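First up is the structure itself, then whatever we jot down about it.
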Amino acid sequence: MNDFPLRGHNTFGLDVRAARFLEYTSEEELEELIHTGQITEPYLHIGGGSNLLFTDECYPGTILHSCIRGISVTSEDDASICLRVGAGTVWDDFVRQCVENGWQGVENLSLIPGEVGAAAVQNIGAYGVEAKDVITAIETLDISGHRKTYPAEACGYAYRQSLFKRPEMKPTFITHVHFRLNKAPRFHLDYGALREALGGQAPTVALVREAVIRIRRSKLPDPKELGNAGSFFMNPIIPRARFEELKKEHPSIPHYDVDENLVKVPAGWLIEQCGWKGKSLGPAAVYSKQALVLVNAGEATGADIVHLARAVQASVREKFDINIQPEVLFV
Ligand code: EPU
């Protein structure tokens, strides 16, 4: 489809258009698009558009989107179940189905916007769990028509990072993601707010999902009501020596130990300390309940959001000498 409106394909709700938009519902349809030479530069493969910022009003090339959906069981034993999930499956539909079946492993990742393929690219994470903890393999088809399955160990997973985020992997399209979930629950309840939300009840996958949904709804704006892309920046990982200096000045600084030399500091806290929480710059704003989230407070353009993001980054650099990097992909 030509001159295609993308408002429904970016959770910032930006009024942008693509010169061309192509969707496919199976690997065979994607192969057909490849073999008939329909995927030409410039092109961009998107998921649910929940981690994207279109900086111009028109994307001059082809936007590709997978509608390969569905969940199938590939193997199971008494302890675990292995699933093959279409990359275009809505992430939270997948989580809901796992929870309904009592399969444990993704309930902490409830209500995260986006689709399964993009979740595997981005290594989404929340409340002490990351997608990489349950992913076992990724099936791909590349622009030359080659199929390849990457075991999780080959996917370069780290905090919000994977092999598939590298520019040279752009011509590789994820078609399916394989997961291993547990039948015997092993809950991750280290996150204080999650334990509190459970209120002392014995955890079940369904109760953990409900608690996560409650926490997310209380802190994070619903993109249907207020355009946003979740955390706009990644939490910076800094040398421990630098962290100790900061702690002297700010004894209450929240942090997570990464290893003995590195410490992760919440960007939301840094941004709040700079006075940005709830502040606007034109029609773009820093969300009032979580400073890590930038929102489209009206008819913001991509340029308005970029302008705010740059101003926030500059403040954090000036006050803390820390460079915070966007988690959101600028297009
Ligand atoms: N904080 C502030 N002010 C703020 C926001 C946070 O002081 O405005 C402090 C909080 O008090 C807390 C700490 O920062 O001590 C961490 O805040 P929070 O628990 O809200 O989590 P986060 O580090 O800001 C990360 C993920 C979220 C994920 C939550 C929960 C990143 C970039 N973000 O946020 O993921 O839901 O942890 O696990 O790692 C996303 O990636 O889009 C996302 C929402």
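Each ligand, and each atom within it, is numbered from 1 in the order the structure gives. Side chains included, hydrogens not; waters and symmetry mates left out as well; all remaining heavy atoms used. Everything numeric in this text was worked out from a predicted model, so none of it was measured.
The protein atom (non-hydrogen) at minimum distance from atom 34 (O) of ligand 1 is L292 CD2, 4.0 Å. Counting only heavy atoms of the protein, atom 6 (C) of ligand 1 lies nearest to Q290 OE1, 3.7 Å. The protein atom (non-hydrogen) at minimum distance from atom 1 (N) of ligand 1 is W269 N, 3.8 Å. Closest protein heavy atom to atom 26 (C) of ligand 1: R160 NH2, 3.4 Å. Protein heavy atom nearest atom 18 (P) of ligand 1, with residue, atom name and distance: Y191 OH, 3.4 Å. Taking atom 23 (O) of ligand 1 as the reference point, the nearest protein heavy-atom neighbour is N235 ND2, 2.8 Å.
Panel note: side chain W91, backbone A118; no donor-acceptor pair is recorded below 3.5 Å. For the pair Q201 (side chain) and L198 (backbone), a donor-acceptor distance under 3.5 Å is present. Checked by atom type and distance alone, the side chain of T55 pairs as donor or acceptor with a backbone atom of V331 at under 3.5 Å.
Contacts between E272 and ligand 1 below 4.0 angstrom, taking non-hydrogen atoms only, involve the side chain exclusively. Contacts between P266 and ligand 1, counted as non-hydrogen atom pairs separated by less than 4.0 Å, involve the side chain only. Residue contacts with ligand 1, taken as heavy atom pairs separated by less than 4.0 Å, involve F233 solely via the backbone atoms N, CA, C and O. Contacts between Y256 and ligand 1, counted as non-hydrogen atom pairs separated by less than 4.0 Å, involve the side chain only.
Below 3.5 Å of separation, one finds an N or O of A291 facing an N or O of ligand 1. Close N/O approach between K289 and ligand 1 is not found [any backbone or side-chain N/O within under 3.5 Å].
For the pair V286 and L294, the minimum side-chain heavy-atom distance is below 4.5 Å. Contact annotation: the side chain of F4 approaches that of L6 to within less than 4.5 Å [non-hydrogen atoms, C-beta and beyond]. Between D222 and R217 there is no side-chain heavy-atom pair separated by less than 4.5 Å. Put simply, the side chain of C274 does not reach to within 4.5 Å of the side chain of E318, judged on heavy atoms. Within the 4.5 Å cutoff, no side-chain heavy atoms of Q97 are placed close to those of W103. Counting heavy atoms from C-beta on, the side chains of V99 and R96 never come closer than 4.5 Å.
Against a heavy-atom cut-off of under 4.0 Å, R216 is close to the following atoms of ligand 1: 36 (O). If you number the atoms of ligand 1 from 1 as listed, the ones under 4.0 Å from a heavy atom of Y159 come out as 31 (C), 32 (C), 39 (O). Residue-ligand proximity, G230 to ligand 1, at heavy-atom distances under 4.0 Å covers atoms 42 (O). Residue S231 has at least one heavy-atom neighbour below 4.0 Å for each of these atoms of ligand 1: 26 (C), 27 (C), 31 (C), 32 (C), 33 (N), 35 (O), 40 (C), 41 (O), 42 (O), 43 (C), 44 (C). Within the listing of ligand 1, atoms 3 (N), 4 (C), 8 (O) sit less than 4.0 angstrom from a heavy atom of K277. Remark: ligand 1 atoms within the under-4.0 Å shell around heavy atoms of P254 are 15 (O).
Atom 10 (C) of ligand 1 is never approached by the protein to below 4.0 angstrom, counting heavy atoms only. Protein heavy atoms are absent from the 4.0 Å sphere centred on atom 37 (O) of ligand 1. Atom 29 (C) of ligand 1 is never approached by the protein to below 4.0 angstrom, counting heavy atoms only.
The closest approach between any non-hydrogen atom of A267 and ligand 1 is not below 4.0 Å. Distances from ligand 1 to the non-hydrogen atoms of Q273 include no value under 4.0 Å.
Ionic pairing of E245 and R242 is present here: one or more N-O contacts between side-chain nitrogen and carboxylate oxygen are shorter than 4.0 angstrom.
A donor and an acceptor atom, one from each side chain of S110 and R209, are located under 3.5 Å apart. Side-chain atoms of R317 and N323 form a donor-acceptor pair, as typed in the model, at a separation below 3.5 Å.
A cation-pi arrangement is not found for K219 relative to Y287, the charged atom failing to lie both closer than 6.0 Å to the ring centre and inside a 45° cone about the ring normal.
The aromatic rings of H255 and F243 sit tilted, their planes meeting at an angle between 30° and 60°.
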